[in-house]
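Taking it in order: structure first as structure tokens, then the write-up.
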2 protein chains.
Amino acid sequence: MEEGLRERKKRETRRRISDMATGLFLMRGFDQVTVAEVARAADVSVNTVFNYFGTKEDLFLDRQADLEEIYRGIVRDRRPGESVVDAFRRDFLDALDTGDWRYGFHEGAEVWGRVVAESTALRARTLEIERQVMACVAAAIAEEVDADPEDVRPELVAEQILSTTRLLSRHALRRRAAGESPRETEAWLREQAGVLFGLLESGVGGYGRRPLVVAEDGEAAGDEEDDDVEGDHGRP
Amino acid sequence: MEEGLRERKKRETRRRISDMATGLFLMRGFDQVTVAEVARAADVSVNTVFNYFGTKEDLFLDRQADLEEIYRGIVRDRRPGESVVDAFRRDFLDALDTGDWRYGFHEGAEVWGRVVAESTALRARTLEIERQVMACVAAAIAEEVDADPEDVRPELVAEQILSTTRLLSRHALRRRAAGESPRETEAWLREQAGVLFGLLESGVGGYGRRPLVVAEDGEAAGDEEDDDVEGDHGRP
DNA sequence: CCACAATTTTGGAGTGACTGCAAGTTGGGT
DNA sequence: ACCCAACTTGCAGTCACTCCAAAATTGTGG
């Protein structure tokens with residue numbers, strides 16, 4: 001098991017294919033590059049490409065396994081006094097500091113984001129991956145709180161948290177793509193992370209509540225702009 | 001514009017193609033039916049099929065426009081005193097009563113769900129549709145509360161609500177597919193809708209909080225089973 | 001009823017992802 | 001050196017989907 005020549009070659013080949021592919025995709029766009037071209041660039045046959053990667057999309061998106069492992073760790077290793085939401089918020093803010101690839105803050109993320117956004121196939125695969133990661137996080141949470149298999153709450157919590165981070169990442173990419181500077185985007189993200197995670201914690205129950213009594217005949221049903229999410233959930 | 005012969009024929013053709021397609025898909029599964037077969041069954045050429053439907057998946061899933069309109073209505077027509085979450089909960093419970101198709105409670109929904117679940121292409125398209133519907137709901141909410149275009153909260157609220165209903169539908173389909181009776185599933189759904197929407201309202205902030213002091217050396221970090229989500233959001 | 005234009009349908013010839021198979025080629029153990 | 005297993009390759013084929021130009025159909029004005 002000393003890492004034979006065979007194993008090394010396999011790893012190298014896989015790597016070479018993946019690198020050539022991502023390079024071409026980033027340069028010319030996903031749909032503008034054929035698998036045959038990738039194969040030629042990596043100096044292998046088309047069949048070999050499909051031997052290593054199940055689909056063309058996987059050539060660009062094959063971090064799913066890593067993601068699942070990392071997220072499992074976040075849930076498992078949360079600190080004393082931390083809820084699951086707390087743990088993910090901390091991780092998100094840390095990632096913001098370190099320019100982690102997961103949330104799309106790293107160098108060149110705008111290009112990557114643009115390539116994904118422009119290809120329906122890649123967008124679809126991204127969603128599917130997110131779904132699977134969600135299921136994985138839900139399982140991790142369920143295991144941690146030792147929940148009944150019938151209990152749906154872990155899934156809900158996972159879904160809520162991941163939609164929050166996904167939302168933040170998406171806006172980050174959009175802003176960077178629109179030409180905003182990394183500094184500005186980071187500041188904005190830090191602020192919005194506070195808002196959104198706060199909303200997550202305290203609940204969205206009151207959002208957009210329509211007033212019981214129509215005001216003075218002025219506007220129909222406007223909301224206060226500043227603090228329209230209150231803690232009261234009682235319904236009359 | 002008296003509904004000429006031409007328009008009627010077009011509508012009929014489209015309908016015929018769609019019906020034949022869904023029939024075949026439900027009977028034999030999405031991947032086991034080719035577009036050519038659908039075309040033959042509908043007595044048109046393959047090109048005509050693609051003339052009416054952009055992709056094979058759209059032959060099975062073309063309610064998106066309806067969905068968006070309905071959801072817009074739910075947001076717009078919420079009653080006095082109702083928050084957005086309230087409005088969607090009410091709609092969900094109503095749908096449960098009426099066997100509405102949107103959440104997969106109608107007759108034959110298990111078959112439909114199985115067909116979708118078995119095809120990666122259909123699953124992917126479903127996710128993409130859900131994403132677009134989400135964006136639409138977010139826009140509706142933003143418009144209703146007259147939010148700043150920069151404000152991300154409407155998107156978060158939309159995402160949260162729709163993941164809740166989606167979660168409920170998914171479990172409903174799974175249970176029906178597993179052979180549970182409609183009655184049982186409905187009862188379960190009604191109960192879970194209460195739990196999940198409640199969690200949405202009051203926030204998931206405390207979920208899975210790890211205790212500050214490890215208990216007595218018994219188990220490591222278990223949670224109370226009944227009410228592990230409290231209203232306190234303060235972090236120590 | 002007859003051109004004539006607009007629209008729809010169709011056939012045919014691609015392209016590109018992906019599969020299955022049979023025939024090489026290569027690495028590792030004997 | 002020899003063999004087996006794993007890996008690679010070429011080839012033929014399927015299927016979704018596109019582009020284009022030639023019918024076929026429908027609506028319109030004389």
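Both backbone and side-chain heavy atoms feed into the values below; hydrogens, waters and symmetry mates do not. Order of the sequence lines fixes the chain letters, A, B, ..., with proteins taken first and strands second; residue numbering starts at 1 for each chain.
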Quiz item: Would a 4.5 Å heavy-atom cut-off, applied to side chains only, mark B:Leu127 and A:Glu128 as touching?
Solution: yes
Practice problem: Mind calculating the distance between CZ (B:Arg40) and C1' (C:dG11) to the nearest angstrom? | Solution: 17 Å
Exercise. Indicate yes or no: at least one non-hydrogen side-chain atom of A:Arg72 is less than 4.5 angstrom from one of A:Arg76.
Key: yes
Quiz item: Rounded to whole angstrom units, what separation is found between the CG atom of B:Leu59 and the C1' atom of D:dA16?
Solution: 11 Å
Quiz item: Is the ring centre of A:Phe60 less than 6.0 Å from the ring centre of A:Phe53?
Solution: no
Exercise. Identify which nucleotide among D:dA6, D:dC17, D:dG27 has an atom closest to any side-chain atom of B:Lys56, counting heavy atoms from C-beta outward.
Key: D:dC17
Self-check item: Base C:dG20 paired with A:Asn47 side chain (donor-acceptor, <3.5 Å)
Solution: yes
Quiz item: Backbone N or O of A:Val116 within a donor-acceptor pair of the A:Ser119 side chain at under 3.5 Å?
Solution: no
Practice problem: Enumerate the residues from residues 112-123 of chain B whose closest heavy atom to DNA chain C is under 4.0 Å, giving them by residue number; use none for an empty result. | Solution: none
Quiz item: B:Val38 near the nucleic acid: base, sugar-phosphate alone, or nothing, with a heavy-atom cut-off under 4.0 Å?
Solution: nothing
Exercise. In whole angstrom, give the distance that lies between atom CZ of A:Arg14 and atom C1' of D:dA6.
Key: 17 Å
Quiz item: Would you say the side chain of A:Val33 lies within less than 4.5 Å of the side chain of A:Val38, judging by non-hydrogen atoms?
Solution: yes
Practice problem: Check the distance between C:dA6's P and B:Arg6's CZ and give it to me in whole angstrom. | Solution: 11 Å
Quiz item: Does the side chain of A:Lys10 get closer than 4.0 angstrom to OP1 or OP2 of D:dA6 through an N or O atom?
Solution: no
Quiz item: Where the side chain of A:Asn51 is defined as all heavy atoms beyond and including C-beta, which of D:dC7, C:dA17, D:dT26 is the nearest nucleotide?
Solution: D:dC7
Quiz item: Which nucleotide in the set C:dA17, C:dG27, D:dT8 lies at the smallest distance from any side-chain heavy atom of A:Thr13?
Solution: D:dT8
Quiz item: Is the centre of the B:Tyr71 ring less than 6.0 Å from the centre of the B:Phe88 ring?
Solution: yes
Quiz item: From the list C:dG27, C:dA17, C:dT10, which nucleotide is the closest neighbour of the side chain of B:Thr48?
Solution: C:dT10
Exercise. Measure from CD1 on B:Ile17 to P on C:dT10 and round the result to the nearest Å.
Key: 9 Å
Self-check item: Whole-Å distance separating the CG atom of B:Asp31 from the C1' atom of C:dC18
Solution: 13 Å
Quiz item: What nucleotide, of D:dT18, D:dT8, C:dT19, holds the atom closest to the side chain of A:Tyr52?
Solution: D:dT8
Quiz item: Between D:dA16 atom C1' and B:Arg125 atom CZ, what is the distance in whole Å?
Solution: 15 Å
Exercise. Can you establish whether the number of heavy atoms outside A:Arg40 located under 6.0 Å from its atom CZ is more than 12?
Key: no
Quiz item: Counting side-chain heavy atoms from C-beta on, which of D:dG10, C:dT19, C:dT7 comes nearest to A:Ser45?
Solution: D:dG10
Quiz item: Quick one: which of C:dT19, C:dT10, D:dT8 gets closest to the side chain of B:Val44?
Solution: C:dT10
Exercise. State, yes or no, whether a side-chain contact exists between A:Phe197 and B:Leu156 at a heavy-atom distance under 4.5 Å.
Key: no
Quiz prompt | For atom CD of A:Glu37 and atom C1' of C:dT15, their distance in whole Å | solution = 12 Å
Exercise. Look at the side chain of B:Lys9 and decide which nucleotide, out of D:dC11, D:dT25, D:dC20, has an atom nearest to it.
Key: D:dT25
